[in-house]
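Some notes on the structure that comes next.
Chain naming here is simple, since letters A, B, ... match the order of the sequence lines and numbering starts at 1 in each.
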Amino acid sequence: MRKVLKSVSFFIFLCLTASLFLIGPALAGGEFKLEDMSDMSDFDPNNFQNPTGDTFKIGVLQIFSGPGAGNGELFWITTCWVAHDINKRGGIMIDGKKKLIEVIKGDTMGKPATTKKAAEKLVLEDKVDVLWGTSGSHLALVIQGVADRYKKIFHQSLSMSDSLMDEKNFNKYTFQTMWSTNQVGETTAYFYSQRKKEKKFYIICQDYLFGHSLAESFKKGLTKYYPEAEVVGEDYHPLFAKDFAPYLTKAKASGAEVIFTGDWLPDGGNLVKQARQLGVNVPFANIFIDEPNALSAIGPEGTKGLVNLNQYMGDANNEKGMAFGNKWKELWETKWEAPYNTLLYKWPGGTIGYAVETTYWMLDVFNRAGSSDPEKVIKVWEGDVYKGIGGNRLEMRACDHVVIRDTYATEYVYPNPWFTELSSGTEVFTIPAEKSMPVDGARCK
Amino acid sequence: MSPVTAMYVAQAIHGLTYGMLLFLVASGLTLIFGMMGILNLAHASFFMLSAYFCYQVVAWTDSFWIALILAPIGTGLVGIIVERFLLRKVQKLGLGHIGDLLLTLGIALVISEAVKTIWGTESHQVLIPPSLQGLVTVAGLEYPIYRLFIIGLSLVILGALAFILFKTRLGMIIRAAVSDRDMVSALGINMPRVFMFVFGVGTLMAGVAGVAAAPMLTVFPGLADQIGLDAFVVVVVGGFGSLLGAVVVSLFLGELNSFGIQFIPRLAPVLVFLFMALVLSFKPMGFFGERDE
Amino acid sequence: MSTSILETKDLFYDYSGLQVLTGVNLQVEKGERHAIIGPNGAGKTTLFNVITGLYAPCRGKVIFKGQNVSGFKPHKLSRLGMGRSFQITSTFHNLTAFENIRMGVLSRMGIRFNMFQRVDKLKDVTRETDVVLRRINLHRESAVPANALSYGKHRALEVSLAMSTNPDLVMLDEPTAGMSRDETHSAVDLIRRLTEGKTMVIVEHDMDVVFSLADRITVLHHGKVLAVGAPNEIKNMQEVKDAYLGHGGV
């Protein structure tokens, strides 16, 4: 009898061990699988239906009013897309039961004080399970403070400053899936060092902390990967500048072969537009001048030769990515109405792509943690590896919670398969993750 | 022309372009202040409103030229309505400058919310009309036709304004009213009507600038911010109510901007304010200040 | 009744609770030079401003040429024939002497409606302006901006601006304030010359000016009319002396 019991328990032990080995990989990391995605044909971004009852709540912190409200609009569709999909799949497993995803807006109005208020309201009144956002490192920092104080997970998906996760600002509740300025600098420098076509660079950035630190990262990257290159001039202009002509005239006279700019819109678009109007045809290496509506105003000729660097990029040669992109585009063509029917929303490339992708990742992490208890989520997300929309690898560095991933560069050409109104990238150059690393925070040494 | 000379000449023309645009905005602001004693905080909002009108008219008619005529007129009409039905009523309450400031600030906010409600918060694009696209080459220097067009347009308006102010009876009245509007009405002139006219013309000129700027910039809700600030500097430095001051200082600021960026880029964004502080510490009434109240 | 050009009936005005005019009854006869005097704070300037339409009366009436004009705007009163000057020098100091006078000449000639007409092309206006400048001895300074004129000439310009609409009644608010003795002297001469045969109301501090110019005087005290009479009568009235002249030592 004893023997029988012994052998049964040994057998059970064996089974358990085997199953651990079998399930192990699934526990260790997730993956976005297109075949699991719901039929999204009933998804209407203008009319997203939040589920009721006991839900899992995402608090989206963005500018939902004022001049920057277009931002809120953009990240509303990306978050709701993921929520709609997951809800049709039955939700995620939290505390032993499936919960549907609810999306709640928090209007930052682009100001620190309102950001703090909005984040606190989401935590205290709406009782969200996770905070999501936001554009502007100074605002992200405010939310990090709130996350730390109330012990809420903050998925920092949109701000790029290197300092957000440094020794001073790091807190264990915040996870940054946005690439950082150092990654941008290395990406750009590495791309040009491989291409070896241009050697003279001119920097035009916005005159505030972000613009300056991006320029520094780029110069650092050049020293590291492309020491033969030369920075022939640099200028910093005020935000929402009205006339770029003086900068452009200087840049042209400097003999620069490429102008590197970190400008976001509308400045970035105005910069390129005025350059073309002035007959300055130097290409721009940029990270934010990929917004199709702004580019279409400059036209196919003017947008030729732009080099866009991004952490997510539509690539016609990537089957998985294209399959997802085509589904999105079909709905754009047939279903969506204003404001979601403009060129901006045609393809889920760039910003839309990484916002969607990292939101899938975030929900997958919660699902695997099986809980919204931050301690459990932290345990799962730290060091987690996730396969993104195009099969690309996303890794959450455990020591300082920043993302490590391949990045991309592309040169705009016309014609291209994406748009008839503007130039766009067809050939995508991948910069391997080890060549575009975030700064090694003190915590990682 | 050597490339270096070409660069300096181009910078000078850039300065002229922006200076003229600034003049169109600042001249209305200074006239309205000089005559009516009203610091119109909504002035730059009319500039932005006109850019939106331009965008809309182009969307309907596909013609920049029609927009160039209709948008400023529409803006001027809005200005007249504001003066006639709001400003005049508030002035009657006798709250002094506080009343005007609050009202015009309120109008600025209403315009900014209205454009967001009507046209959304995204950026809109206006294209340069085909006939003004491209570059011309003068003495080896390539320069965009559209920017030259802006300079020409502004010169025409400056000329028309100077003619009205210095040659016509209305101009006499406006200039006289800058120094003493009570005495002008004691001479039998219906000042409220003149005020309405001046307010309308001032907003109309801001409107012309708005249309002219639209194809160079994007039409978005923050469009008015920077030019509005610069226009206030022009009015303060040039002297409240002085048209000559507005012309001179606008052009000077345009050049200061261009050559500041050329030679001392790190300081360029604050040069305007340094200049203002410098002038005001020596001439508190501005260069051509005429009002002595 | 029929000879008075300007009348106020039981005029009240208060300044946010402070009663400034408490029932003023004033009568100005056609063709006379009428002075309003009174100690500081008697309400002279307020009365002046209510009559000229700058303030609307709280109660009572202003009757001008037989018409109730209470609350009429200044430009309307001007068109009805009431000219005025201000206590603060009220020329257009950024315009030249010539342009100043031309403003008045233009409004007298009634070219009100064609606002876009070129003024420098109006020959008769230019001619008339020159005549006025010569009359007030300013023809040599016609191209000088008003604020560059000497104080006396500046005031002369001002009075003549007030007269330039050829009004039936001209209201002058302390026309000699701040002038030297000599300047006052010539200003009084000028005013007398310019207002020959006109009706004039003057608010004045300087008793020499009042007694040399006025045909009749109204004394205001505490917002009411204390006395009315010829200069000689006023000089000798005991209550006027008590209220005002007593301390002044005239």
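Summarising the local packing, NZ of A/K200 is surrounded by 12 or fewer heavy atoms from other residues, nucleotides or ligands at distances under 6.0 Å. The 12-atom threshold is exceeded at NZ of A/K219, counting heavy atoms of other residues, nucleotides or ligands nearer than 6.0 Å.
For A/Q274, the part lying under 4.5 angstrom from a heavy atom of chain B is the side chain only. With a 4.5 Å cut-off on non-hydrogen atoms, B/P3 does not touch chain A at all. Only the side chain of B/E142 has a heavy atom closer than 4.5 Å to any heavy atom of chain A. With a threshold of 4.5 angstrom between heavy atoms, B/L135 approaches chain A through side-chain atoms but not through N, CA, C or O. Neither the backbone nor the side chain of B/I13 has a heavy atom closer than 4.5 Å to any heavy atom of chain A.
Rounding to the nearest 0.5 Å gives a distance of 10.5 Å between CG of A/L344 and OG of B/S123. Distance check: B/D230 CG to A/D243 CG gives 11.0 Å after rounding to the nearest 0.5 Å. We find the CD-OG1 distance between B/Q11 and A/T249 to be 4.5 Å, quoted to the nearest 0.5 Å. Separation of atoms NZ (A/K250) and NE2 (B/H14) is listed at 12.0 Å; rounding is to 0.5 Å. Taken to the nearest 0.5 Å, the CZ atom of A/F244 stands 8.0 Å off from the CG atom of B/L217.
A/R276 and B/Q133 share no donor-acceptor pair across their side chains, judged by distance under 3.5 Å alone.
At least one side-chain heavy atom of A/K273 sits less than 4.5 Å from a side-chain heavy atom of B/T218. Contact annotation: the side chain of A/N293 never approaches that of B/H124 to less than 4.5 Å [non-hydrogen atoms, C-beta and beyond].
The residues B/D225 and A/K242 are annotated as not salt-bridged, no charged nitrogen and carboxylate oxygen being separated by less than 4.0 angstrom.
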